[in-house]
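Quick notes on the structure that follows.
Owing to the predicted nature of the structure, the values given are computational and were not obtained by experimental measurement.
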Amino acid sequence: MWMFASLLYAQAPAPAPTAPAGPKNLVLNGGFEKVITYKNLYDAVDASNNVRVHQAEGPVYLEGASLSQAPFACSPDLADVNGDGLPDLVLACPDGHFFWFENAGKKGEPAFKSAHLIQTFLGHSPRIHACDWNNDGKPDILFGNIDGEVNLLFNTGAGREPKWIQAMDKPRWVGPPYPGHPQFDTPCVQINKEPIAIGVYSAPYLADWNKDGSPDLLVGEGSYSANSVHIWLNVGSKSSPAFKKEAKFYLAFGEGREHLTPSVCDWNNDGLPDLIVGDREGRIALYLGTKESIKDPKKIAPVEFTKFITIGGREKVGALVSPHVCDYNEDGIPDILYGTTSGLVMIALGNGKREDPELIAATPIKGEDKAKDFKQPGSPWNVNTYSGLPEVVSKTEKPDADIKEGDRAFHISFFEKYWHWTYVPWHPWHWTPPSNWPMGYQEGLYHMTVHLTPHIILGRDYEFSFLRKGDGMQLFYTFWYLDSGINPENPSGPPIEQYRNQNEKVSMSTSWSEYRKVHKLIGTKVKKLDTNGMTNTTAHLWFMFHGKGDGWLDDVKLIEVPPKR
């Protein structure tokens, strides 16, 4: 037995020699072999053909806690924005984007395909109401957001094409401390020549509450604790609404509920306007209107809470809900359209008696997914784009792809202009300093960042290399790092800190070529940090593509150059 085991041992192949350890690449996933699936919601429709927008969070106060980030629901509405007699879907995203979907169905049976993206910004966590503010027969967009004011996008379109901006930047909301900026400020609803300011997360709605023939302004607020729905009576006209401090009243008290978003309809078919309000907990409250509330057309009495409306038997339908009451299927019974924190848009159809509607379980609004999902660089890359389509192309999936190294390469392609910070040639890796506030058309703007690990050692040399090619696209990169170390004059005190960067513009050609450069990452002289007397620090590598065309990137490496002996 021992002899047999010895023969087996003798016949076993010798282990392969260990390859000598080479210099370590500090750029993890530099060949883009690790990828993630990016949900492409540029058309506001997901891969399951559900209308869906990107998720986003906003700061809110929670009971017994400090300011926290919470996901917000999107804000939908229905209005005939193209004048074809069918209600279209308008949709504000919690990240400030704004879409509209044309109704491709028929009366009582809405159908939607892909969305039109409006090149504007509505602020953080906006709430919208599509209404005819100036009585010109075209729906305008009334909206509020985290700032607590009430803003307007006037519809200046003609025929079948709504137009809510005068140029790519106008109107475009911008928050404090830059009100009234001429390049991108929206018209703001004012009272006595001052903007309405009502807590935070204003939710406006236009409706003729006192039934005097002119629309009044309702605004829900999102402040912590006992919120209210406020109303300003219209002291102007149908074509030119105007409001005064003296004509402001409490319409409904939130009873300690938060983030109230109002909608108005005649819920119980008694000829009086009723108030439907969503809240932070995802409940939809009903306040039935009364004759007492509108007995005096110049003074509004508050309406009392009646009940929470259930949808499919559920009292809560998702946090920070923004309901819109409509007659979606045009059967005469109220329905409720609402957004969710997942980005989906839901419709709950009314059923039962007209005087006491019951809502069945909600279903997602459907669309047609045209902007397909794609692969993006995985960790530790962080990507952001304004007007380019970034994807990792695989030769396995696309055999004709011109990829020089490995199976995958990064590719960026221009698809539209975008209004953003003006690109500055003399400072190619950055935008103009925000204090100047110049804006301009970007014919392509995309940047991606990778965090370098382990920490680099300042004062040493590093060779940076990558493969690139492109047509009609410029490429820039920068090393950005915080030089932080012990203060030799006060070792126990705060460290010495200084932000540093080194940046380059890289030429591009229509065929693959390699770029190489050695960088010395300078740092502050300090004591007792490492053997070189230099600080260790975390660094970031930032690529920016700019232009109208496409660009490729692959095999990104950063390798420490051994010091000369």
- Does the ring-ring contact (aromatic ring centres under 6.0 Å, His included) test come out yes or no for His230 and Tyr250, once each step is laid out? CA-CA 5 Å; His230 308 260; Tyr250 287 98; 5.0 Å; yes

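- No side-chain donor-acceptor contact under 3.5 Å links Arg354 to the backbone of Pro334.
- At a threshold of 4.5 Å between non-hydrogen side-chain atoms, the residues Trp133 and Leu206 count as touching.
- A donor-acceptor distance shorter than 3.5 angstrom exists from the side chain of Asn103 to the backbone of Ala111, with no hydrogens or angles considered.
- Annotation: Phe308, atom CZ; neighbour count of heavy atoms from other residues, nucleotides and ligands within 6.0 Å is above 12.
- With sequence neighbours excluded, no residue satisfies ring pair (Phe, Tyr, Trp, His ring centres under 6.0 Å) with Trp232.
- Residues Asn145 and Leu122 have side chains not in contact (no heavy-atom distance under 4.5 Å, counting atoms from C-beta outward).
- With a 4.5 Å cut-off on side-chain heavy atoms, Arg160 and Asp84 count as touching.
- Without hydrogens or angle criteria, Asn227 side chain to Gly254 main chain gives no donor-acceptor distance under 3.5 Å.
- Figure legend: Lys245 and Phe243 shown without cation-pi pairing, the cationic atom not lying both under 6.0 angstrom from the six-membered ring centre and within 45 degrees of its axis.
- Asn351 places no side-chain N or O within 3.5 Å of a backbone atom of Ile360 that could act as its donor or acceptor partner.
- When every heavy atom of Pro262 is checked against every heavy atom of Val229, the shortest pair comes out as CB-CG1, 4.2 Å.
- Distance alone, capped at 3.5 Å, places no donor-acceptor pair between the Glu330 side chain and the Lys107 backbone.
- In this structure, the side chains of Leu91 and Trp100 stay at 4.5 Å or more apart for every pair of heavy atoms.
- Without hydrogens or angle criteria, Arg52 side chain to Ser342 main chain gives a donor-acceptor distance under 3.5 Å.
- A donor-acceptor distance shorter than 3.5 angstrom exists from the side chain of Asp95 to the backbone of His97, with no hydrogens or angles considered.
- Residue pairs meeting the side-chain hydrogen bond (donor to acceptor under 3.5 Å, both in side chains) criterion with at least one member in residues 304-327, sequence neighbours excluded, are Ser75-Ser322, Asp77-His324.
- Inter-residue side-chain proximity for Leu344 and Met346 is flagged as met; some heavy-atom pair is nearer than 4.5 Å.
- Atom NZ of Lys248 sits in a crowded spot, with more than 12 heavy atoms from other residues, nucleotides or ligands closer than 6.0 Å.
- Between Ile336 and Cys326 the shortest side-chain heavy-atom distance does not fall below 4.5 Å.
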Applying side chain to side chain donor-acceptor pair (under 3.5 Å) to Glu221 and Ser223, what does each step give before you reach the verdict? CA-CA 6 Å; Glu221 61 171 303; Ser223 306; 3.1 Å; yes

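- For the pair Asp279 (side chain) and Glu258 (backbone), a donor-acceptor distance under 3.5 Å is absent.
- Formation of a donor-acceptor pair under 3.5 Å by the Tyr201 side chain with backbone atoms of Thr261 is not found in this model.
- For the ring pair (Phe, Tyr, Trp, His ring centres under 6.0 Å) test, residues two or more places apart in sequence or in another chain that qualify with Phe374 are Tyr38.
- Ser125 places no side-chain N or O within 3.5 Å of a backbone atom of Phe72 that could act as its donor or acceptor partner.
- Ionic pairing of Glu102 and Lys113 is not present here: no N-O contact between side-chain nitrogen and carboxylate oxygen is shorter than 4.0 angstrom.
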